[in-house]
Student: 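I have a structure here, written as structure tokens, and I will follow up with some questions on it.
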Amino acid sequence: MDMISIPVVNMTPILPEIFLSVLAMVLLLLNVFSPSGKKSYLAYISFIGIAATAVLVGAGWGGHIESFSGAVILDNFATFFKMIFLLAAGLTVLISDQYMEREECNHGELYPLILFTVVGMMLMASGTDLMTIFLGLEVMSVSLYVLAGFNRNNKKSNEAGLKYFLLGAFSTGFLLYGMALTYGATGTTRVYKIASVVGQMTLPSANIMLLAGMLLMMTGFAFKIAAAPFHMWTPDVYEGAPTPMTAFMSAGPKAAGFAALLRILLVALPTLQIEWSQLLWVLAVLTMTVGNITALRQDNIKRMLAYSSIAHAGYALVGLVAGNGTGTAGILFYMLSYAFMNIGAFAIIILVSKKGETNGNVMDFAGLGFKRPLLAVAMTIFLFSLAGMPPTAGFIGKFYLFSGAVQKGYIWLAVIGVLNSAASVYYYLRVMVYMYMKEPTEEFEWTQVTAPVALALIISVAGSMIPGIVPSFILEFAQQAVKLI
Amino acid sequence: METLFFAIVSLVAIISAILVITCKNPINSALSLIMTFFCLATYYVMLDAPFMAAVQVMVYAGAIMVLIVFTIMLLNIRVNATQKHSHRILLGSIIGFFTLINTIVLLVKSQAAKPVGPFTGDMIRNIGHSELIGREMFTTFLLPFEITSILLLVAIVGSVILAKKNI
């Protein structure tokens with residue numbers, strides 16, 4: 001009997017994950033010992049923790065360390081995505097406290113769960129083993145199911161949690177089956193080893209098992225990024241979940257899904273690029289069109305942004321269809337700016353809506369431009385950025401995504417994308433029309449803007465504007481990030 | 001001989017799986033599910049994976065099924081026989097049917113792939129299935145193994161938040 005050789009364990013790549021997990025456990029304990037109703041300090045601690053983790057993650061920029069015998073990696077790609085997750089979580093924590101206080105569900109477990117979600121997402125971005133990616137996805141999803149149903153007194157929130165859980169579990173089945181088949185076809189779960197095994201196959205596109213595995217994995221991830229036709233859960237869940245969690249869900253997990261999808265498709269299965277890019281072409285067109293057309297008819301603003309988030313997943317898929325440097329760097333850039341603009345928009349929705357999630361229609365924005373001009377200006381910037389108007393971050397992001405597609409010869413895809421983007425302007429502008437050109441139907445007291453929310457708004461406005469004016473700075477990071485994978 | 005055995009087990013598995021979703025009484029469904037799990041365990045034995053088979057029987061057919069049956073009894077679900085056949089079900093069945101045909105055609109056309117990877121049937125018989133799993137778990141899959149602990153913690157916290165009366 002030979003001795004078992006313990007693999008070399010280098011903790012550096014998962015240091016941020018360990019730090020956040022420990023912080024989350026400490027917060028869970030602190031929560032037990034603090035009197036109910038006084039949980040706000042947990043939000044501050046988690047925000048500081050997230051900021052500290054961001055420093056920790058940032059220090060790893062430029063490194064390239066594999067650890068746990070190839071189960072996890074520290075590279076620029078993972079670092080860039082980890083920054084997006086931390087940003088989304090940080091902004092969410094800032095806008096959560098006031099909202100949870102108002103909805104009377106300020107339970108301290110909220111913050112540890114957000115942190116655990118980030119841990120899961122980070123593992124998805126840095127995992128180079130299908131098992132790591134899968135378990136990261138599960139940690140993320142299980143936390144999100146709870147966060148979606150966090151407002152226990154609200155029926156819609158319960159429905160959102162249950163619906164997300166059932167459909168999420170269903171999609172996890174697809175994903176896991178796909179991973180199992182891929183393992184069966186290649187004999188390994190390591191992403192880089194899969195690449196070399198598939199590369200040595202004489203005709204990988206004739207290997208049914210591998211193709212089925214790829215297909216099922218793509219189905220699983222398409223569900224997580226809310227791509228049509230796997231988007232059915234999105235509007236109900238986004239509408240029912242507590243608004244800060246909706247903001248978080250639309251920014252963080254979507255980016256995490258793209259991180260894992262990019263890693264698997266571009267690193268493990270580049271030899272099948274012709275096959276998967278054809279599939280994604282159809283998926284991208286469907287996602288953009290279904291999202292935008294359905295969003296046109298929505299009156300509830302959370303539902304509208306849910307459909308718009310489906311459309312945005314479609315735009316990002318355009319970059320993945322292209323699969324070249326410009327397109328994939330565009331995805332990274334877009335996910336980052338999308339986190340800023342979307343969470344910012346949801347922060348304003350929180351301020352406009354009233355207790356019990358009422359006042360969430362587009363009509364309720366009537367007169368915002370006169371009563372709270374600053375909030376209206378901020379909302380205008382977010383909406384312009386979502387619509388992809390220059391000089392905002394959304395414009396530059398879409399520009400890179402579509403130019404990546406054009407470079408690869410997908411002219412029609414880019415044309416459909418631009419047409420979709422033009423159609424989306426209608427429903428974003430509709431909110432602006434209500435804000436600036438309609439009189440409010442009824443008087444009511446506006447929610448006070450607390451300091452954390454103001455900070456979140458300032459960060460979001462800056463994040464939606466600055467990358468649009470000086471894009472080269474962030475794009476350079478994004479290009480370096482996709483160079484190594 | 002092995003093929004015949006496989007065919008019989010598969011037939012039982014498929015019939016009991018269909019019974020799980022067609023039975024009106026939830027207890028009958030649960031019992032059919034146990035049958036399906038046993039068939040799966042048989043597959044594991046045929047694939048040289050006795051440890052997996054034992055775990056399958058103990059965890060799924062044993063522990064989880066007891067949980068499911070208890071939940072059904074405690075909830076005291078009434079049988080609702082109202083079923084609605086909408087166009088969506090028809091559409092779904094048509095798509096499902098053609099996907100099935102497509103899959104069968106593809107499977108018949110393709111050649112059976114040879115087993116790949118470092119683990120062969122002989123290796124499992126010589127070293128032992130549970131030992132191989134244990135080794136892999138604590139060497140190759142050390143990190144995923146550790147992540148499951150976080151996953152379990154999240155699940156516990158989540159169920160307490162969603163289900164506890166006063167928090």
Side-chain angles (χ1 to χ4, degrees), chain A residues 1 4-7 9 14 17 21 24-25 28 36 67-72 105 107-110 112-113 116-117 119-120 123 127 129-136 138-140 142-143 145-147 149-150 152 158 161-162 183-190 197 206-212, chain B residues 40 43 47 49 52 88 91-92 95 99 102-120 123 126-128 131-167:
Chain A
M1 190 62 263
I4 295 167
S5 57
I6 302 292
V9 170
I14 56 161
E17 284 92 332
S21 312
M25 289 174 215
L28 273 177
S36 67
S67 184
F68 289 95
S69 61
V72 73
C105 61
H107 312 303
E109 288 88 354
L110 180 79
L113 279 172
F116 279 130
T117 318
V119 172
L123 286 166
D129 187 304
L130 294 183
M131 286 309 288
T132 319
I133 292 174
F134 169 70
L135 284 165
E138 275 302 278
V139 171
M140 173 189 93
V142 171
S143 322
Y145 303 148
V146 182
L147 288 176
F150 201 81
R152 306 197 309 172
N158 294 347
L162 190 66
Y183 175 71
T186 57
T188 177
T189 53
R190 298 277 191 257
V197 172
N207 192 330
I208 295 291
M209 207 195 242
L210 184 66
L211 278 186
Chain B
L40 280 182
Y43 283 149
L47 287 168
M52 279 301 294
R88 279 188 182 186
L91 187 72
I95 294 175
T99 318
N102 202 359
T103 318
I104 290 171
V105 169
L106 274 177
L107 282 177
V108 170
K109 270 168 75 180
S110 72
Q111 291 132 357
K114 268 177 273 171
V116 284
F119 303 106
T120 57
M123 190 178 174
N126 290 338
I127 301 178
E131 185 181 329
L132 275 175
I133 288 184
R135 270 207 222 172
E136 283 295 298
M137 199 184 264
F138 292 104
T139 55
T140 322
F141 295 106
L142 182 62
L143 181 67
F145 178 71
E146 298 293 341
I147 300 170
T148 44
S149 54
I150 302 265
L151 181 57
L152 289 175
L153 178 66
V154 172
I156 293 168
V157 173
S159 52
V160 168
I161 293 173
L162 291 183
K164 196 164 173 272
K165 229 169 213 167
N166 302 307
I167 51 169

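Chain naming here is simple, since letters A, B, ... match the order of the sequence lines and numbering starts at 1 in each.
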Student: With a 4.5 Å cut-off on side-chain heavy atoms, are B/Leu143 and A/Ile14 touching?
Tutor: yes
Student: Using heavy-atom distances under 4.5 Å, tell me whether A/Leu113 contacts chain B through its side chain, its backbone, both, or neither.
Tutor: side chain
Student: Counting only non-hydrogen atoms closer than 4.5 Å, does B/Leu152 touch chain A with its backbone (N, CA, C, O), its side chain (CB onward), both, or neither?
Tutor: neither
Student: Counting only heavy atoms closer than 4.5 Å, note whether A/Ser69 contacts chain B via side chain, backbone, both or neither.
Tutor: side chain
Student: Please find the pair of heavy atoms, one from A/Thr186 and one from B/Val116, that lie closest to each other, and give the distance.
Tutor: C-CG2, 3.6 Å
Student: Could you work out, with ring pair (Phe, Tyr, Trp, His ring centres under 6.0 Å) as the rule, every residue matching B/Phe145, not counting sequence neighbours?
Tutor: B/Phe138
Student: Looking at residues at least two apart in the chain, or sitting in another chain, which of them share a salt bridge (Lys or Arg N to Asp or Glu O under 4.0 Å) with A/Glu17?
Tutor: A/Lys82
Student: Using non-hydrogen atoms only, which part of A/Leu28 is less than 4.5 Å away from chain B: side chain, backbone, both, or neither?
Tutor: side chain
Student: Taking all heavy atoms of B/Pro144 and all of A/Met131, pick out the closest pair and write down the distance.
Tutor: CG-CB, 3.9 Å
Student: Side chain, backbone, both or neither: which part of A/Val197 has an atom under 4.5 Å from a heavy atom of chain B?
Tutor: neither
Student: Ignoring hydrogens, what is the shortest heavy-atom contact between B/Leu162 and A/Gly149? Give both atom names and the distance.
Tutor: CD2-O, 3.4 Å
Student: About how many Å separate CZ of A/Phe134 and CD1 of B/Ile147, when rounded to the nearest 0.5 Å?
Tutor: 11.0 Å
Student: Hey, does A/Met25 have a side-chain heavy atom less than 4.5 Å from the side chain of B/Val157?
Tutor: no
Student: Could you grab the distance from atom CG of A/Leu147 to atom CD1 of B/Ile161, nearest 0.5 Å is fine?
Tutor: 8.0 Å
Student: Which bit of A/Leu123 comes within less than 4.5 Å of chain B, counting heavy atoms only: side chain, backbone, both or neither?
Tutor: side chain
Student: Quick check on A/Ala185 against chain B: is it the side chain, the backbone, both or neither that has a heavy atom closer than 4.5 Å?
Tutor: backbone
